[in-house]
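Working notes, structure below.
Chain letters run A, B, ... following the sequence lines, proteins first and then strands; every chain starts at 1. If you're wondering where the values come from, they're calculated on a predicted model, not measured in any experiment.
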Amino acid sequence: MWIAGNREPEFIWKIPLPDGFLPGLDVFPGNAYPVIRKNPLHPEQLEAVLMRWGLVPHWSTTLEDIEKYGSKTFNARAETAQELPTFRDSFQRRRCLIQIAAFYEWRKIDKFKEKHQIVSSSGGPLILAGLWDRAFIEAEPLDSFTVLTCPANALLDDIHQRMPVILGQKAAREWLDGKTDLHDLLRPCPSHWLEILPANEQNNMGLDLGEG
DNA sequence: CCAGACGTTGTT
DNA sequence: GTCTGG
DNA sequence: CCAGACGTTGTT
DNA sequence: GTCTGG
């Protein structure tokens, strides 16, 4: 999976886009991308902060650690994230949201990759459930995030066995607040929320995302 | 005790 | 940081 | 898309 | 250059 970056003028709940974020670009693991979280010092405030995609666990201390851990943690399985050492603290205390324009999945047919772009059938953005963490790499703080995945819904199952956890606005707020049963939120979204478009070399690089 | 792992997706 | 395996 | 590997022996 | 992994 990779991501077509948000292209709305602001995030849900009128959260402003962070400085330095260029809307509409495709995003790959290792890239910086804004995530929506509670401000760690002022939890009543929501903010959008650029973070590295690929969660670098809090015990990491070196650049080598970033490679070692952060290159393998761009997704976290919703079924296991609460228990795994790499994600469990974040599941408990550092949940976040990732607002995107679309995501891409592909299926291999022989040696061809058939690429698909998945968008919201409403025409708006998609909100993904994520986790973030902070490591101190040579004493410098590094915030990074991962996208939770769940089994594919009926629409996407043809293409791919897994999909990101996609939340409605109410569920998105509940994910941040953590006052409800979080596992109830981490389900495949209804198929009718989504629409599958073909993607190819011409339109899989953000060029069809409303620039013209 | 110490050293090493700590993850996901897709498997033409 | 915490757990597992040797 | 971009970054990194691209290998073997020997066994911390 | 080409393949893999994120």
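One interatomic measurement links the two molecules: CG of A:L63 to P of D:dG4, which rounds to 11 Å at whole-angstrom precision. Nucleotide D:dC2 holds its P atom 17 Å from the CD1 atom of A:I3, rounded to whole Å. Rounded to whole angstrom, the span from the CE atom of A:M1 across to the P atom of D:dC1 amounts to 17 Å. The NZ-P distance, from A:K68 to D:dA5, rounds to 15 Å in whole Å. At whole-Å resolution of the value, CH2 in A:W59 and P in C:dT2 are 11 Å apart. The separation between A:K72 atom NZ and B:dT9 atom C1' is 14 Å, rounded to whole Å. Remark: P of C:dT2 and CD of A:Q92 are 14 Å apart, rounded to the nearest angstrom. When the P atom of C:dG1 is taken as reference, atom CZ of A:F136 falls 12 Å away, rounded to whole Å.
With both pairing distances under 3.5 Å, B:dC1 is matched to C:dG6 as a Watson-Crick or G-U wobble pair. With a 3.5 Å ceiling on both atom-pair distances, B:dT8 lacks any Watson-Crick or G-U wobble partner.
Taking atom C1' in both B:dG7 and E:dG5, the straight-line distance is 13 Å, to the nearest Å. A gap of 27 Å separates the C1' atoms of B:dT9 and C:dG1, to the nearest Å. B:dT12 and D:dC2 have their P atoms separated by 28 Å, given to the nearest Å. Between B:dA3 and D:dT11, the distance separating the two C1' atoms is 14 Å to the nearest Å.
A:Q82 and A:H183 form a side-chain donor-acceptor contact under 3.5 Å, judged by distance and modelled atom types alone. The closest side-chain donor-acceptor pair between A:R162 and A:T149 falls under 3.5 angstrom.
Counting non-hydrogen atoms under 4.0 angstrom, A:F87 reaches the backbone sugars and phosphates but no base. A:R88 comes within 4.0 angstrom of the backbone, heavy atoms only, and of no base. Across all strands shown, A:L55 has no heavy atoms under 4.0 Å from either base or sugar-phosphate atoms. In this structure, A:T146 reaches neither bases nor backbone, as no heavy-atom distance under 4.0 Å exists between it and the strands shown.
Remark: A:Y33 engages A:F21 in a ring-ring contact (aromatic ring centres under 6.0 Å, His included) (not counting sequence neighbours).
Considering only side-chain N and O atoms, A:S60 lies nowhere under 4.0 angstrom from the phosphate OP1 or OP2 of B:dC6. Remark: A:R162 is in phosphate contact with B:dT9, judged by side-chain N or O atoms under 4.0 Å from OP1 or OP2.
Nearest heavy-atom pair across A:I98 and A:G130 is CD1-CA, 3.6 Å.
Between A:R94 and A:D133 a salt bridge is recorded (basic side-chain N to carboxylate O distance below 4.0 Å). Between A:D177 and A:R173, at least one side-chain nitrogen of the basic residue sits less than 4.0 Å from a carboxylate oxygen of the acidic one, meeting the salt-bridge criterion.
Set against C:dG1, B:dT8, D:dC1, the side chain of A:H58 has C:dG1 as its closest nucleotide. Comparing B:dT9, D:dC1, B:dG7 by their closest approach to the side chain of A:T73 singles out B:dG7. For A:F28, taking side-chain heavy atoms from C-beta onward, the closest of the listed nucleotides B:dT8, D:dC1, B:dC6 is D:dC1.
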